[in-house]
Amino acid sequence: MSNTIKESIGTSSPAIREALLERILVLDGAMGTMLQRYNFSEQDFRGERFKDFSYSLKGNNDLLSITQPQAIRDVHAKYFEAGADIVETNTFSSTTIGMADYHLEDIVYELNYESAKIAREVADSFTAKNPDKPRFVAGSIGPTNRTASMSPDVNDPGYRAVSFDDLRIAYKQQVEALIDGGSDLLLVETIFDTLNAKAALFAIEEVKDERNIDIPIMVSGTITDASGRTLSGQTVEAFLISISHIPLLSVGFNCALGADQLKPYLKELAHNTSFNISVHPNAGLPNAFGEYDETPEQMQVFIKEYLDDNLVNIIGGCCGTTPEHIKLIADIAKDYKPRVSTAVM
């Protein structure tokens, strides 16, 4: 790879930055995988408040922060009990763009606020029990279901289903609510189109400037297949260059691949940046039924390779992972020192 990427170093939240100097931090696992265990019905998703709503709401997991908040609390608690230092808010699709599929654009601020508030309350309860192990809340910011870089119409390559400004406005509302609800940091994750991520980062910087605050930012891209590129065609190096102008808490990868398949791209990233490195891979690749078969024990073996090779500062799980996966990851991570950058600045 060409010259090492250089970045600005932020001066964000001292608590989490101090923790990162002391140990490898453990991120939670999949929210969706856990919620599937509840087998919620259409009525459960609706709750009392939306019982007469005109459109189907089943499958809108983010809405459960309002209609089934105890389930969300329980999932966060299970991950903290497993050893997680950071849990993600239940807000992966909580933008006006994402909620348009359910005709719920009007409650987006509330969705993000309530999700962050729930996670904050659970995190604080665990920190109170063990002040030596503070727990953190990451406001989850997903990529939306639209792409600013590519046309969804093969017959019209110049067409875009969303503009940069559309994304910026949607993300700004989400960011404001996540901060108001008590998030310690913001996680721009599962990035398949870096232009979408740039809109999110732009929105975050706008809110930081307007409020005169400095909140840590994690950025996590997605390598979609063995080509080693994001869906919009960027290599690891191109992705890193694209987002390195922002002072980030960490940069990393999640989703799409299991820990084994993701390792070469993670290694390339870790060797070419002085940012902290995060990774939360899937529990292997999905089977023919879209389910994930990699056991906690199998995943732990691959994660140990990351730790042996000094690749990570923050480690967790994505699709298919459970508290059982996170427990074994946390059990082994505690025996290792956090990654020290070997990049030549």
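For clarity, every value in this text was computed on a predicted model and none was experimentally measured. Note that the numbering runs from 1 along the sequence shown for the chain.
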| Same hydrophobic cluster for Leu111 and Leu57, using side-chain heavy-atom links shorter than 4.5 Å among ILVMFWY? | yes
| said: Between Asp101 and Asn145, is there a side-chain donor-acceptor contact under 3.5 Å, judged purely by atom types and distance? | reply: yes
| task | Would you check if the side chain of Lys198 reaches a backbone N or O of Ser242 as a donor-acceptor pair within less than 3.5 Å? | result | yes
| Relative to the ring of Tyr55, is the ring of His103 parallel (under 30°), tilted (30 to 60°) or perpendicular (over 60°)? | parallel
| task | Following the transitive rule for hydrophobic clusters with a side-chain heavy-atom cut-off under 4.5 Å over Ile, Leu, Val, Met, Phe, Trp and Tyr, establish whether Tyr306 and Ile332 coincide in one cluster. | result | yes
| said: Within the 4.5 Å heavy-atom criterion, are Phe50 and Phe45 side-chain neighbours or not? | reply: no
| said: Test your reading of the model: is there a side-chain donor-acceptor pair from His325 to the backbone of Ala30, 3.5 Å cut-off? | reply: no
| When you measure from the side chain of Glu110 to the backbone N and O of Ile107, does any donor-acceptor pair fall under 3.5 Å? | no
| said: Quick one about Asp74 and Gln70 (side-chain donor to acceptor, distance below 3.5 Å, no hydrogens or angles considered), yes or no? | reply: yes
| request: Determine, stepwise, if the pair Ser250 / Asn276 fulfils side chain to side chain donor-acceptor pair (under 3.5 Å). | output: CA-CA 4 Å; Ser250 68; Asn276 293 309; over 6 Å; no
| task | Given side chain to side chain donor-acceptor pair (under 3.5 Å), test Ser163 with Asp165 step by step and report yes or no. | result | CA-CA 5 Å; Ser163 71; Asp165 212 42; 5.9 Å; no
| task | Locate the shortest heavy-atom distance separating Tyr171 from Ala203; write the atom from each residue and the value. | result | CB-CB, 3.9 Å
| query | Which distance, rounded to the nearest 0.5 Å, do you find between the CD of Glu114 and the CG of Asn90? | reply | 12.0 Å
| task | Decide yes or no on salt bridge (charged side-chain N to carboxylate O under 4.0 Å, His left out) for Glu206 and Arg168, but give the supporting numbers first. | result | CA-CA 10 Å; Glu206 276 192 319; Arg168 178 191 64 81; 2.9 Å; yes
| query | Has Lys133 got more than 12 heavy atoms of other residues, nucleotides or ligands less than 6.0 Å from its NZ? | reply | yes
| query | Given side chains that start at C-beta, do those of Lys263 and Pro281 come closer than 4.5 Å, heavy atoms only? | reply | no
| Sidechain-backbone polar pair: Asp62 side chain, Ser94 backbone, donor-acceptor under 3.5 Å | yes
| task | Drop me the distance from Asp309's CG to Arg339's CZ, to the nearest 0.5 angstrom. | result | 12.5 Å
| remark: dist Leu328:CG -> Met299:CE (nearest 0.5 Å) comes out at 10.5 Å
| query | When you check the side-chain N and O atoms of Ser278 and Asn313, is any donor under 3.5 Å from an acceptor? | reply | no
| request: May I ask you to decide if Gly98's main-chain N or O and Ser93's side chain share a donor-acceptor pair within less than 3.5 Å? | output: no
| task | Give a yes or no on whether Leu285 and Ile223 share a hydrophobic cluster (residues Ile, Leu, Val, Met, Phe, Trp, Tyr; joining criterion: side-chain heavy atoms under 4.5 Å apart). | result | yes
| Under 3.5 Å, side chain of Thr222 to main-chain N/O of Thr224, donor-acceptor pair present? | no
| Any salt bridge between Asp85 and Arg135, counting N to O under 4.0 Å? | no
| Is it true that a side-chain atom of Asn282 and a backbone atom of Gly317 form a donor plus acceptor pair closer than 3.5 Å? | no
| query | Which of these, Asn112, Thr96, Thr95, sits in a side-chain hydrogen bond (donor to acceptor under 3.5 Å, both in side chains) with Gln174? | reply | Asn112
| With distance as the sole criterion, is a donor-acceptor pair present between the side chains of Asp180 and Tyr109 under 3.5 Å? | yes
| Would you say the side chain of Pro296 lies within less than 4.5 Å of the side chain of Lys327, judging by non-hydrogen atoms? | no
| said: Pairing donors with acceptors under 3.5 angstrom, does anything connect the side chains of Ser115 and Thr89? | reply: no
| task | Please assess Lys267 against Leu311 for the test side-chain contact (heavy atoms from CB on, under 4.5 Å), listing each intermediate value before the final yes or no. | result | CA-CA 6 Å; Lys267 183 178 290 189; Leu311 296 181; 4.2 Å; yes
| request: Apply side-chain contact (heavy atoms from CB on, under 4.5 Å) to Leu231 and Asp193, showing your working. | output: CA-CA 7 Å; Leu231 185 65; Asp193 182 346; over 6 Å; no
| field | Distance in Å, Cys319 SG paired with Tyr292 OH, rounded so as to fall on 0.5 Å steps | value | 4.0 Å
| message | Within the structure provided, determine whether Leu249 and Leu185 are in side-chain contact (heavy-atom separation under 4.5 Å). | response | yes
| said: For a 4.5 angstrom cut-off between non-hydrogen side-chain atoms, does Leu307 reach Ile303? | reply: yes
| message | Set out, in order, the CA-CA distance, both residues' side-chain angles and the distance that settles side-chain contact (heavy atoms from CB on, under 4.5 Å) for Ile215 and Val207, then state yes or no. | response | CA-CA 10 Å; Ile215 186 166; Val207 175; over 6 Å; no
| task | Would you check if Ile72 and Gln68 make a side-chain contact, meaning some heavy-atom pair closer than 4.5 Å? | result | no
| What do the steps show when you test Thr190 against Asn254 for side-chain contact (heavy atoms from CB on, under 4.5 Å), and what is the final call? | CA-CA 6 Å; Thr190 322; Asn254 75 288; 3.0 Å; yes
| request: Show your reasoning for whether side chain to side chain donor-acceptor pair (under 3.5 Å) applies to Asp124 and Thr127. | output: CA-CA 5 Å; Asp124 288 346; Thr127 299; 5.1 Å; no
| Pairing of Lys208 and Glu176 as salt bridge, 4.0 angstrom limit | no
| query | Would Val26 end up clustered with Tyr336 when hydrophobic side chains under 4.5 Å apart are linked, directly or stepwise? | reply | yes
| request: For the pair Arg120 (side chain) and Gly182 (backbone), establish whether a donor and an acceptor sit closer than 3.5 Å, ignoring hydrogens and angles. | output: yes
| said: Side chains of Thr235 and Glu237: any donor to acceptor distance under 3.5 Å? | reply: no
| query | Is any side-chain heavy atom of His76 less than 4.5 Å from a side-chain heavy atom of Glu88? | reply | no
| query | Hey, what do you get for CZ (Arg46) to CG (Asp52), rounding to the nearest 0.5 Å? | reply | 8.0 Å
| message | What I'd like to find out is whether the side chain of Phe239 reaches to under 4.5 Å of the side chain of Val251, using heavy atoms alone. | response | yes
| message | Please determine whether a side-chain nitrogen of the Lys or Arg among Glu18 and Arg23 lies less than 4.0 Å from a carboxylate oxygen of the Asp or Glu. | response | no
| Would a distance-only check, ignoring hydrogens and angles, find a side-chain to backbone donor-acceptor pair under 3.5 Å from Ser125 to Val122? | yes
| Would you call the rings of Phe40 and Tyr38 parallel, tilted or perpendicular if under 30° counts as parallel and over 60° as perpendicular? | parallel
| task | Measure the spacing between CG of Asn196 and CD1 of Ile191 and express it to the nearest 0.5 Å. | result | 9.0 Å
| message | Run Glu210 and Lys172 through salt bridge (charged side-chain N to carboxylate O under 4.0 Å, His left out) and show every step you take. | response | CA-CA 11 Å; Glu210 290 170 5; Lys172 187 174 182 181; 2.6 Å; yes
| message | I'd like to know if Glu48 and Lys51 make a salt bridge, using a cut-off of under 4.0 Å between side-chain N and carboxylate O. | response | yes
| query | Side chain of Ser220, backbone of Leu187: donor and acceptor closer than 3.5 Å? | reply | no
| request: Identify the heavy atoms of Tyr265 and Asp225 that sit nearest to each other, and give their distance. | output: OH-O, 4.0 Å
| task | State plainly whether one hydrophobic cluster holds both Leu195 and Leu240, where clusters connect Ile, Leu, Val, Met, Phe, Trp and Tyr through side-chain heavy atoms under 4.5 angstrom apart. | result | no
